[in-house]
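A short worksheet on the structure shown next.
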Amino acid sequence: MAPITDEQVERVRALVAAIPAGSVSTYGDIAAAADLSSPRIVAWIMRTDSSDLPWHRVITASGRPAPHLATVQLERLRAEGVLAVDGRVPLRDVRHEF
DNA sequence: ATCGTGACGCGTA
DNA sequence: TTACGCGCCACGA
């Protein structure tokens, strides 16, 4: 398969960095905006990237953060004013449009 | 060269 | 609404 290029990684990082506090985006949206063939690529990048991106503003399309990060992530979002109802963020309201 | 492994997503039931 | 299956795709063993 086509390896991930540095440029693609840069695009994803730029996109994530562009999400304003108080808003969130999804792996799928970022993949589309960065012109990647699969949201999994974004997930892989997020998982491996060690820079200081606002990773907590990236959630799944269902409005739920990945299970192992849920606690801290929802806490950080709440601190920014993004309220989660029963562990789920209302994407309809806080979804960031690129 | 294969195979297992995910911070994923959508269609179906 | 939740649960599952299946497609997705780069990576490391």
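Letters A, B, ... mirror the listed sequences (proteins, then strands); counts begin at 1. Because the structure is a prediction, the values reported are computed rather than measured.
- Around the CG atom of A/Asp6, the shell of radius 6.0 Å holds no more than 12 heavy atoms that belong to other residues, nucleotides or ligands.
- Minimum atom distance to the side chain of A/Pro3 is reached by C/dC11, of the listed C/dC11, B/dA7, B/dG9.
- At a threshold of 4.0 angstrom between heavy atoms, the contacts of A/Arg88 are confined to the sugar-phosphate backbone, with no base atom among them.
- Projected onto DNA chain C by closest heavy-atom contact, A/Trp44 and A/Arg40 fall at different nucleotides, the more 5' of which corresponds to A/Arg40.
- The closest donor-acceptor contact from the side chain of A/Gln8 to the backbone of A/Asp35 lies at 3.5 Å or more, if one exists at all.
- Dashed line: the shortest gap from a side-chain N or O of A/Ser37 to OP1 or OP2 of C/dC9 is under 4.0 Å.
- Taking atom CG of A/Asp35 as the reference point, atom C1' of C/dC8 lies 16 Å away to the nearest angstrom.
- Residue A/Asp86 contributes atom CG, which lies 8 Å from atom P of C/dT2 at whole-angstrom precision.
- No side-chain donor-acceptor contact under 3.5 Å links A/Ser23 to the backbone of A/Ile19.
- Separating the CD1 atom of A/Ile4 from the C1' atom of C/dG12 is a distance of 13 Å, rounded to the nearest angstrom.
- Whole-Å rounding puts the A/Arg76 CZ to B/dA7 P distance at 18 Å.
- Contact annotation for A/Ala2: backbone-only contact, meaning every heavy-atom pair under 4.0 Å involves sugar-phosphate atoms and none involves a base.
- Rounded to a whole Å, the CZ atom of A/Arg47 is 16 Å from the P atom of C/dC9.
- Residue A/Leu53 contributes atom CG, which lies 18 Å from atom P of B/dA7 at whole-angstrom precision.
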Test side chain to side chain contact (heavy atoms under 4.5 Å, CB included) on A/Glu80 and A/Leu77 and set out the steps. CA-CA 5 Å; A/Glu80 295 184 345; A/Leu77 289 175; 4.2 Å; yes
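- The separation between A/Ile41 atom CD1 and C/dC11 atom P is 8 Å, rounded to whole Å.
- One interatomic measurement links the two molecules: OH of A/Tyr27 to P of B/dC8, which rounds to 5 Å at whole-angstrom precision.
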